[in-house]
Amino acid sequence: MADTTLRELARRKGMYIGAAKRHLGQRADPEYEAALAREVNCTVGETQMKFGPLHAERGRFTFNAADELVQFAHDHGMAVRGHCLVWHHPSSLPPWFRRREWSREEALDVLRDHIQTVLHHFGGKCFAWDVVNEGLADEKGTFYREESPWLEAIGPDYIAQAFRWAHEADPETQLFYNDYEMDAVNGKSDRAYRLVRDLLDDGVPIHGIGLQGHIKLEEAPGPESVAENIARFNDLGLTVHLTEVDVWIKGEPSEEDLQRPAEVYRDLLQVAVEAKDCPAFVTWGLSDKYSWVPKFTGGEYGAALPLDENYHPKPAYHALCELLGR
Ligand code: G3I
């Protein structure tokens, strides 16, 4: 098995095994790109295809970084997940949009123009798109994420509209609702279930659910509950992708400490492999060298990805290979 890569093992299983690719700009890192080319058959831009990077000025689109990602994927025979067309997060919205109030009509115009321009540009180069990202609230009391400027300006139907425009622009790509902390059966995944069931009942073209899988080791979801959650979305006729998996561990873990996150990775991949329709397992980065987790957690958590900062395999990498090799 030692001479077989994660990518080859995934191919034999008919799985997409993927990793988000960070845009390094002028800071080329050949070892990083070689590791991605060797180990994964699917990729997604960590930021390259988000609203702000593509649409920095109203009506003016810049695709250089995103096209570079798509070219890299093409050159290495990788599938591309598009991420993401509609998100509330201020870091992904450009100043021209963030800095003013929008009427419903104007916000609809902006959103339709963005979605259709982007999907026409990539026309078929992305087999899946995260159309709406993180549109649901975390709290039990509310349903939708109240701080979304899209919800504020347009109302809840921004979600259905986004999917309709995306499908019009690219009828071939699979369209996903993507969110975090809803990997298992819980209050949030219950709301996601109700959301997508209602969308389907209204004839909205939605094809899949993205379970992000950002997991703190001490809060790892039980694999049985993740399997149950995936199965209920499959029973709605939706495919499921694990879209942003990383398993966060505190402090400076020893090799022994890294066995537990490896088991979480293994169990999650096993659930995907055994599910009726969960063909994609994508980690949010491949090497700890470019993981968002330490910065996001102020250094409290890290070591979240299958390869270490020097691209050496960690126990999680071996656990994923072992599972795929069964
Ligand atoms: O590239 C610039 C750099 O030139 C500049 O010096 C630096 C100054 O802070 O910013 C750099 O851009 C940062 C970018 O990541 C590049 O890594 C942005 O500030 C920063 O906001 C951006 O954060 C990303 C975040 O989404 C917002 O887009 C994270 O890397 C990325 O991991 C994170 O990913 C999200 C998913 O899209 C959705 N699910 C949650 C996940 C984690 O938040």
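Just so you know, ligand 1 is whichever comes first in the structure, and atom 1 is the first atom listed for that ligand. The analysis underlying the following values was restricted to heavy atoms, covering all of them including side chains, and did not include hydrogens, waters or symmetry mates. In this text, all values refer to a predicted model and were calculated from it rather than measured experimentally.
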Under-4.0 Å heavy-atom contact with ligand 1, by part of S92 that carries it | neither
Would you say atom 15 (O) of ligand 1 has a protein heavy atom nearer than 4.0 Å?
-> yes
Taking E244 for the side chain and L211 for the main chain, is one N or O donor matched with an acceptor at less than 3.5 Å?
-> no
Atoms in ligand 1 with a heavy atom of W292 nearer than 4.0 Å = 32 (O), 42 (C), 43 (O)
Check whether the ring centres of H241 and F127 lie less than 6.0 Å apart, and answer yes or no.
-> yes
Between the side chain of R7 and the main-chain N/O of R38, is any donor-acceptor distance below 3.5 Å?
-> no
Under 4.0 angstrom from atom 6 (O) of ligand 1, is there any protein heavy atom?
-> no
Protein non-hydrogen atom below 4.0 angstrom of atom 10 (O) of ligand 1 present = no
Contacting atoms of ligand 1, where contact means under 4.0 angstrom from a heavy atom of E134 | 38 (C), 39 (N), 40 (C)
Looking only at protein heavy atoms, identify the closest one to atom 36 (C) of ligand 1 and say how far it is in Å.
-> H83 NE2, 3.4 Å
For ligand 1, note which part of N178 has a heavy atom under 4.0 Å away: side chain, backbone, both or neither.
-> neither
Any protein heavy atom nearer than 4.0 Å to atom 2 (C) of ligand 1 = no
Run the salt-bridge test on R232 and E228 with the 4.0 Å N-O cut-off and return the result as yes or no.
-> no
Spell out, as yes or no, whether a donor-acceptor pair under 3.5 Å connects the side chain of D29 to the backbone of Y32.
-> yes
among protein heavy atoms, the one nearest atom 32 (O) of ligand 1 is E46 OE2, 2.6 Å
Might you check, step by step, whether the distance between atom 20 (C) of ligand 1 and some protein heavy atom is under 4.0 Å?
-> no
For ligand 1, the portion of H23 having any non-hydrogen atom under 4.0 Å away | neither
With respect to H83, which candidate in F51, W129, F122, W284 satisfies the ring pair (Phe, Tyr, Trp, His ring centres under 6.0 Å) definition?
-> W284
Starting from atom 17 (O) of ligand 1, which protein heavy atom do you reach first, and at what distance in Å?
-> R22 NE, 3.8 Å
Indicate yes or no: does R164 engage E168 in a salt bridge with an N to O separation below 4.0 Å.
-> no
Would you check if the distance from the ring center of H207 to the ring center of F176 is below 6.0 Å?
-> no
Would you check if the distance from the ring center of H214 to the ring center of W292 is below 6.0 Å?
-> yes
Would you check the N or O atoms of N133, main chain and side chain alike, for any that come under 3.5 Å of an N or O of ligand 1?
-> no
Protein heavy-atom partner closest to atom 25 (C) of ligand 1 - residue, atom, separation in Å = K50 NZ, 3.7 Å
Give the single entry among W87, F51, F296 that approaches atom 35 (C) of ligand 1 most closely by any heavy atom.
-> W87
Salt-bridge present (D109, R112; N to O < 4.0 Å) = yes
Nearest protein heavy atom to atom 27 (C) of ligand 1, by residue and atom, and its distance?
-> S91 OG, 3.0 Å
Can you confirm whether something in the protein, heavy atoms only, sits under 4.0 Å from atom 41 (C) of ligand 1?
-> yes
Which protein heavy atom lies closest to atom 39 (N) of ligand 1, and at what distance to 0.1 Å?
-> E244 OE1, 2.7 Å
Look at D308 together with K289 and state whether they make a salt bridge at an N to O cut-off of under 4.0 Å.
-> no
of all protein heavy atoms, closest to atom 22 (C) of ligand 1 is T47 CG2, 4.0 Å
What is the closest protein heavy atom to atom 34 (O) of ligand 1, and at what distance does it sit?
-> W284 NE1, 3.2 Å
Can we say D157 and R104 salt-bridge, meaning some charged N sits less than 4.0 Å from an Asp/Glu carboxylate O?
-> yes
Which of V185, V240, D183 passes side-chain contact (heavy atoms from CB on, under 4.5 Å) with N229? It is V185
